[in-house]
Structures are given as C-alpha cells and as structure tokens.
**Student:** 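Sharing a structure here in structure tokens format.
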Protein chains: 2
Amino acid sequence: MRVTIKSIAEAVGVSRGTVDRALNNRSGINHEIAEKIKKTAEEMGYRPNLAAKALVKTKVVKKIGIILNSEGNEFFDEVKRGIEDSLQDLCEFGLEYEWRTMKGYDDKREEELMEELEGLGISGLVMTPINSERIIRKIHEFHKKNIKVVAINSDVLNTERIAYVGCKHKKSGTVAAGLFGLMSQGREETVAIVTGSKLNLALERRERGFVETIEKDYPNIRIVDILGNDDSDELSYEVTERLLKEYPNLDGLCFLGAGVSGGIKAVPSHRNANFKVVTFDLIEAVKKGLSNNLIAATILQEPYKQGFDGVQIMGKYLLFQQMPKNEKNYTELSIITKYSM
Amino acid sequence: MRVTIKSIAEAVGVSRGTVDRALNNRSGINHEIAEKIKKTAEEMGYRPNLAAKALVKTKVVKKIGIILNSEGNEFFDEVKRGIEDSLQDLCEFGLEYEWRTMKGYDDKREEELMEELEGLGISGLVMTPINSERIIRKIHEFHKKNIKVVAINSDVLNTERIAYVGCKHKKSGTVAAGLFGLMSQGREETVAIVTGSKLNLALERRERGFVETIEKDYPNIRIVDILGNDDSDELSYEVTERLLKEYPNLDGLCFLGAGVSGGIKAVPSHRNANFKVVTFDLIEAVKKGLSNNLIAATILQEPYKQGFDGVQIMGKYLLFQQMPKNEKNYTELSIITKYSM
DNA sequence: CTGAAAGCGCTTACAG
DNA sequence: CTGAAAGCGCTTACAG
C-alpha cells in the first residue's frame, strides 16, 4: 500500500490539511502534533508524489526568467539549446518563461534586464551574471523578494544565488596546458596565448591556470607572449598575424576565448610543420579548423548541460520546492579532436 | 487561459472522455469527430499537462527492470550511478524498479534474468544487451508482450528496442588513434594494442576504428601487435609484459577495454622516455595511472549519462507514453588527461 | 490551531 | 460510439 498524505492523516488521526502543514513546515500548527506527524511520515517511509505536487502548482503559473550575455557569441548557441530543451520539459508541467539576451559585459544593461523581468513577475531567474557590485546587489535584492537566482557559465561569489552550473575556469586552463605538454613530448617549444575580453573574469582565471601549469609541469615549454583580442575577430586576426611574424618559429598557439574565427585566418600562411593550435569550445570556425587540421584540439565545458541543468534546477525548485542537491555543479572539461567532433 | 481537455471539450461540444479518446488515439470513437477534436486541439495550441498524466498513472504502478552485465567491471560503476539517480527521480512520480546484474557475456544467463524480471511484472527493461540470437529473440518476444526495451552501452540491431543510449564504438577507436597521431607529431613511431574479451563485439569495432585511422591518417605510426586479455587482469599483465619485452623500443600502448589495472603494472619497468599509454574509461587504475603520468590520456563515453538517460527514456515512456525523440542517442567521446580528471 | 471541501488536468471504468 | 462521474495525491482558501 502506498504511503500518502491521506494514509498518514489516518494513522495520526488528523486531517490531510494538517499533515500538509506539518510536512511542509507551514505556520499555524501545533508544534507537538507537527513533530508527531513528521515522525510518523518518516516511519511509514513517506515519499511525496511529485506529479501531484506539480499538478497543484499549475493553479498559479510560475514564470522563469532567462538572461544570457550571448549576443555575438557563438559559444552560447549550445547553452541556448540546452535551455530550450529544458524549458520545453518544464512547460509540460505548466511553467512559463521569458528570455532576454545582451551583448558583452555591461552590468548596467544586465541590471535593467533583471528589473524588466521582475516587472513581468518572474519567480526565478537563470542568468550568466556579470561579476560586479551592481549585479551582486541586485541578486541580493532578488533574494529578499524571494526571486531565486541560478548562475550559469560563470559564478558570482558571495551572493545568495541558489546554484551555479559551469566549469572550473582555472582548471580549464590547466587542461590546455597539459595538452601542449603531451604534444611536446619533452622537446623545447614555444607557445603564445591569445585571450579575449579583459572584462571576462573567467578568462583571467583560465589564463592563470594555463601559465601556472606550463611553469610548474612543463619547463620545456616557454610562453613567449599573451595578447588580448577584446572578443573581436578583426583584432584577433591582427594580433595573431603580428604574433606569428614576430615569432616565426613558434610551435603553438592557444586561443583562450572568443575571436578564434578571426585569429585562425592568420595561421595557415605562417605555420611551420608542427605548429599546433588549441582552442576552447566548439563554434563553427573551430569545427572547420579541426577538420582542416589547422586546430589540433579544443577544450569543451559541456555548454548544453550548463543551460539544461541550470534551468532544470530552477524548475525543480519552482515546481516542487526542491532545493538543488549541490550548490556548485561543475561541468566536465574534455578535449575534443577532429575524430571526436 | 490555459488550454485543457476541458476547454477543448467545450469548444467542440463533446465530453472530456471523448477528447481523451481522440487525442490519445484510443479505439471506439467516431473517426470524423476524432479528426475534428485533433484539429481543434492543434488550433488551440493544446499541450498536455504531464503532471496530470503522471498522477493518473500512479493508480497502477509500473515497474522498470534493469539488467547490467556489470559484475567485476568497474566501468559500470558510473553507469550505475546514473541509473540510480534517474530511478530516484522517477520513483518520485510513482514508478518502481527491479535490478539484476551479471558477469560477462553469457546470453543464456541474460535470458534467464529477462524471464525473471518478466515474472515480476515489469513494463519496461533497460539493459546492456548481449548481441546474440537468443537475446534478439527474447527482445522480440518482449516487444510482442508490450514490454519496452531500452539498450544502453551497446546496441543490438534489428530488434524492436525503442532506443539506444551509448557511444559509437568504431568512432571511439578513431579518437584513440587520433590521439597517438597528435602525440607523434609526424615522427616514426610504433604502437601496440591490448584488447579485452573477444565476446565483446563493441571492442571489435573499436579496434577497427583504431586500425583504420592509423592506416589512413598516420602512415608514420606502425601497429606492431594486437593481443587480447580476455578481460582478465592477470592475463593482461602477462600479455603486456610480453609485448614490452618483445618490442623494447615501443612508443605507445593502447588498452581498448578492461584489464588496464593488470596491464598497467607491466609498464613502469619497461618504458622508454616518451612511452605513451592511452586507455578507455576512467576506472580507479586509470585515475592512478594518469596521476602518475603512466597514462597519457583516456577516452570517455559518458557512462553516467548512458545510465541516466536510458532510464529516463523508459520512465518518460511509462509515465507519459512519450516515445523517445531519437532512437539512437549517441553519447559524446572525449579525451581526458590528468588535468581534466 | 484544525478540518472539510474543492480543485489542479487527466484517465478510467461504467452505464447507456 | 458517447457521456457523467470518480479518482490519482496534493494544496488552498474558507469556516470555525
């Protein structure tokens, strides 16, 4: 026989409403009785039926807000796919949603979007938070208004966001370094780094991971230069071309962030026989580069999962009041070559 | 206003029962009316509420069976974790389950387990099917009795299993080959292969992927030998030791399947400076090998996801009558080093 | 502080 | 072939 609110009510000799109050820690219930009910439920092995919970919730429709600073950044295409699939799932349980996207790292703009979504009555927000005082304050405000926040792709510390889904950025840099290490097989080599926007704090940590690992584990490899491309493909091309002219015997190049599409165009004319390019993520230009053997490998961080799980965590909270099992949900870092594409 | 069975019934001027019959293609309904109802539902943008569907299903509890040939095979630990998490999810919607595990590739034993679970009244079975006539027949029988089957980790073709979740085995071999290619950087090198049980057909395809890729894309690499270890760590040790004695200048070794734990023990004493070992999956011995720099990299196939998604697909079918979106659900192949562990 | 009743959206016997 | 009614397990006003 299944254990339900009803069977617990009968066992304890109270009404179903009272059992509900006790089990969900609602106010206005005699403490003693609440304890007794909880104990009995535990003993009887009660497991709430989520289908029933969710069905009740459809009376008042909840809305999830989404904010991504994804404009002009192909990386987020997969994140979006994950979000869309996840939302479709949740819509079948009666949730609604509202999307906003933006470009770059303008925290003022992101704050505006948060306010806009708040005005539309969201109960939860899944976002790529910009790491600034302004956004931290706003998340705190949302918390006090009981609008839950889930951070995806990059975290923002010391806030009340209920969960983070994304990779460990510093670690991602060590993976790239390790790959150059493997390919060098102990020979003396030189590599250069092209990084993206200086406003992207995650890239800073990735760079640190790369540099520290090379210094610590691969003394045979020397990093000759680190240049930024500001997430611009044009600038990326220029910077890369300059690098390759200046270091004609360079053995490798690592693109830490965006701008691969532009930067990779500068490679073919300059490369020596064993020139190795490593990138991050899997945008179209990277796929092409892998196919052409212009790029040796790229490092992924499960973008689809970041979107999918971020939204699922929010949905489970809103539909079933389930807090996420883990506050930090790190996605795996993996190396992809043309064969595993 | 939300579109429900009720609002459709009112719009068309029939009862809710009739709408249900039409929308779920049940028998005993006037064809014309069914068509009209479907059309109206479509126009009104009807989306069934899964919470309600699932709640009704709790009247008759459905049971999922699980069969894994996982005994003595550490690879399956992660698959199991995925299955367990997925089952826990589904139990909250009122599903039940029954587990069976077995060792190796004994199809007679697997058939027995299938019959045993059938006796316990399962409505669906998630399994690692052994690719044999006997199992194919049994899956066919299950199909006729309306017990759905989902294959995980390895597929069995020409059966009515509703979905497969697992990697492309041949492709997994090409990834390993590509990795040796990258590490060779064009130099002349020799590698050897240690494969697992000959009864594991997936390994055969993996081997083929490896060999064909080396031959096609890396003429600088020569495969000097291919030996089997029968999934036995003892044999794996012997075989590996023999290989390394016979080819003292060997540059690389690839373990295609199980037996890494035994085989890797033979490596330290023999290896030359640039000796590279590549393995598959991430059992404890591989983690240790990566940490020790004995193993350069290992190739993963998302075992957790294989278990999790396999069970989810079954659950969604049983709870909501949702057929899987895709029949074949390929998990990603990725290269992991000590830095991305 | 507690209980009785209605209702979330769907499906399932049952009667006709 | 069709409809009216009951019920899945939970939550939410409402009355007391």
**Student:** Can you check the B:I8 CD1 to D:dG3 C1' distance for me, whole Å?
**Tutor:**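 After rounding, the gap between these two atoms is 17 Å.
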**Student:** Would you mind checking if B:K145 and B:E141 are paired as a salt bridge, meaning a charged N to carboxylate O distance below 4.0 Å?
**Tutor:**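 Between B:K145 and B:E141 there is a salt bridge, with a charged N closer than 4.0 Å to a carboxylate O.
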**Student:** OP1 or OP2 of C:dC8 sitting under 4.0 Å from any side-chain N/O of B:N49?
**Tutor:**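 For C:dC8, neither OP1 nor OP2 has a side-chain N or O of B:N49 closer than 4.0 Å.
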**Student:** Side chain of A:I29, heavy atoms from C-beta onward: which of C:dT2, D:dC10, D:dG9 has the nearest atom to it?
**Tutor:**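 Of the candidates, C:dT2 comes closest.
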**Student:** Determine the contact category for A:R16: base if any of its heavy atoms lies under 4.0 Å from a base atom, sugar-phosphate if only primed atoms, P, OP1 or OP2 are that close, otherwise nothing.
**Tutor:**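 The answer is base, as A:R16 lies within the cut-off (heavy atoms under 4.0 Å) of a base atom.
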**Student:** Can you find a side chain N or O atom of B:S15 that sits less than 4.0 Å from OP1 or OP2 on D:dG3?
**Tutor:**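 Yes, such a contact exists.
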**Student:** Round to a whole Å and report the spacing from CG of B:L23 to C1' of C:dT12.
**Tutor:**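 Result: 16 Å.
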**Student:** For D:dA4, which nucleotide is its Watson-Crick or G-U wobble mate, given both distances must be under 3.5 Å?
**Tutor:**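 Matched D:dA4 with nothing under the 3.5 Å cut-off.
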**Student:** Please state how far atom CG in A:L319 lies from atom C1' in D:dG9, giving the value in whole angstrom units.
**Tutor:**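 About 16 Å, once rounded to whole Å.
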**Student:** Between B:R21 and B:A52, just flag the one whose closest nucleotide in DNA chain C comes earlier from the 5' side.
**Tutor:**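 Whichever sits nearer the 5' end wins; that is B:A52.
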**Student:** Does the Lys NZ or Arg CZ of B:K168 fall within the cation-pi geometry relative to B:Y330 - under 6.0 Å from the ring centre and within 45° of the axis?
**Tutor:**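 B:K168 over B:Y330 ring: yes.
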**Student:** Looking for any heavy atom pair under 4.0 Å, which part of the strands does B:Y46 touch: base, sugar-phosphate only, or nothing?
**Tutor:**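 It contacts sugar-phosphate atoms only.
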**Student:** Examine the side chains of A:Y304 and A:D85 and answer whether a donor and an acceptor come within less than 3.5 Å of each other.
**Tutor:**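 The answer is yes; a qualifying pair exists.
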**Student:** Over all strands shown, is A:K59 touching base, sugar-phosphate only, or nothing at heavy-atom distances under 4.0 angstrom?
**Tutor:**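 Base: the residue A:K59, judged by heavy atoms under 4.0 Å, touches a nucleobase.
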**Student:** Decide, yes or no, whether a salt bridge links B:R134 with B:E110 under the criterion of side-chain N to carboxylate O below 4.0 Å.
**Tutor:**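 No, this pair does not count.
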**Student:** What is the nucleic acid contact for B:F93, judged by heavy atoms within less than 4.0 Å: base, sugar-phosphate only, or nothing?
**Tutor:**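 The residue B:F93 makes no contact with any strand.
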**Student:** Rounded to the nearest angstrom, tell me the gap between atom CZ in B:R26 and atom C1' in D:dG3.
**Tutor:**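 The answer, rounded to whole Å, is 16 Å.
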**Student:** Starting the side chain at C-beta, find the nucleotide from D:dC10, C:dC8, C:dC10 nearest to B:I5.
**Tutor:**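 Among D:dC10, C:dC8, C:dC10, the one nearest the side chain of B:I5 is C:dC10.
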**Student:** Rounded to whole angstrom units, what separation is found between the CZ atom of B:R47 and the P atom of C:dC10?
**Tutor:**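 Checked: the CZ to P distance equals 11 Å.
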**Student:** Round to a whole Å and report the spacing from NZ of A:K6 to P of C:dG3.
**Tutor:**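 Whole-Å distance recorded here is 16 Å.
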**Student:** Under 4.0 Å between any heavy atoms, over every strand shown, what does A:D20 touch: base, sugar-phosphate, or nothing? Just pick one.
**Tutor:**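 Base, at least one base heavy atom under 4.0 Å.
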**Student:** Using purine N1 to pyrimidine N3 plus N6-O4 or O6-N4 for Watson-Crick, or N1-O2 and O6-N3 for G-U wobble, each under 3.5 Å, what pairs with D:dA13?
**Tutor:**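 D:dA13 is paired with nothing.
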**Student:** Output the single nucleotide from C:dG9, C:dT12, D:dT2 whose closest atom is nearest the side chain of B:T18.
**Tutor:**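 The listed nucleotide nearest to B:T18's side chain is D:dT2.
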**Student:** At what distance, to the nearest 0.5 angstrom, does OG1 of B:T101 lie from CG of B:N69?
**Tutor:**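 If we round to the nearest 0.5 Å, B:T101:OG1 and B:N69:CG are 9.5 Å apart.
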**Student:** Between B:L55 and B:V14, which is nearer to the 5' end of DNA chain D once each is assigned its nearest nucleotide?
**Tutor:**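 Residue closer to the 5' terminus by nearest nucleotide: B:V14.
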**Student:** Do the side chains of B:E111 and B:K108 get close enough for a salt bridge, i.e. N-O under 4.0 angstrom?
**Tutor:**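 Not counted as a salt bridge, because no side-chain N and carboxylate O are separated by less than 4.0 Å.
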**Student:** Grab the CD-P distance between B:Q322 and C:dC10 for me, whole Å please.
**Tutor:**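 After rounding, the gap between these two atoms is 14 Å.
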**Student:** Is any side-chain nitrogen or oxygen of A:K53 closer than 4.0 Å to OP1 or OP2 of D:dG9?
**Tutor:**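 Looking at the OP1 and OP2 atoms of D:dG9, neither is under 4.0 Å from any side-chain N or O of A:K53.
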**Student:** Could you state the CD1-P distance from A:I33 to C:dG3, rounded to the nearest angstrom?
**Tutor:**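 Interatomic distance, CD1 of A:I33 to P of C:dG3: 7 Å.
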